[in-house]
Amino acid sequence: MDITPPALLTLTVHGGPLADGATVTITSTDTVTLTAEDGLSGLQGLYYYILGGPSTATYSVPFTMPVGTHTVYYTALDKAGNQSDGKYG
């Protein structure tokens, strides 16, 4: 039975990691990448929310954010229903 949440959840922007719930200033077209691992049941999905944005989105490929200041939340869910740590607004 898998009771361990996904690990190594990382959102990368400007070439470095961004903490969950952190604010980032986008000054040009920056690619945002979200990664996680689950060695037991496997990943069900990766999800993110940009504060003030329309809704929670399912991550599937790197994406860009518009120029401006944004607060980003993110999480991962494994196939056993365990959710990674994080605020996930």
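Computation of the quantities below employed the complete heavy-atom set of this structure, encompassing side-chain atoms and omitting hydrogens, waters and symmetry-equivalent molecules. In this chain, residues are counted from 1 in sequence order.
- The OG1 atom of Thr75 sits 14.5 Å away from atom OH of Tyr48, with the distance rounded to the nearest 0.5 Å.
- Atom-to-atom distance recorded for Leu43:CG and Asn82:CG is 11.0 Å, nearest 0.5 angstrom.
- In this structure, the side chain of Asp78 does not engage the main chain of Pro5 through any donor-acceptor pair within 3.5 Å.
- Using a distance-only test at 3.5 Å, with no hydrogens or angles considered, a donor-acceptor pair links the side chain of Tyr74 to the main chain of Asp20.
- Considering Ile50, Thr25, Leu18, Leu51 in turn, Ile50 is the only one that fulfils the side chain to side chain contact (heavy atoms under 4.5 Å, CB included) rule with His70.
- Residues Ala76 and Ala36 come closest through the heavy atom pair CB-CB, 3.9 Å.
- In this structure the side chain of Ile26 never reaches within 4.5 angstrom of the side chain of Thr64, judged on heavy atoms.
- The structure places OG of Ser60 at 10.5 Å from CG of Leu34, a figure rounded to the nearest 0.5 Å.
- Annotation: the span from Tyr47 atom OH to Ser55 atom OG amounts to 13.0 Å, rounded to 0.5 Å.
- One finds the CZ atom of Phe63 at 8.5 Å from the OG1 atom of Thr33 (value rounded to the nearest 0.5 Å).
- Judged purely by atom type and a 3.5 angstrom limit, Thr10 has no side-chain atom pairing as donor or acceptor with the backbone of Pro17.
- A distance-only check finds no donor-acceptor pair linking the side chain of Asp2 to the backbone of Leu40 [under 3.5 Å].
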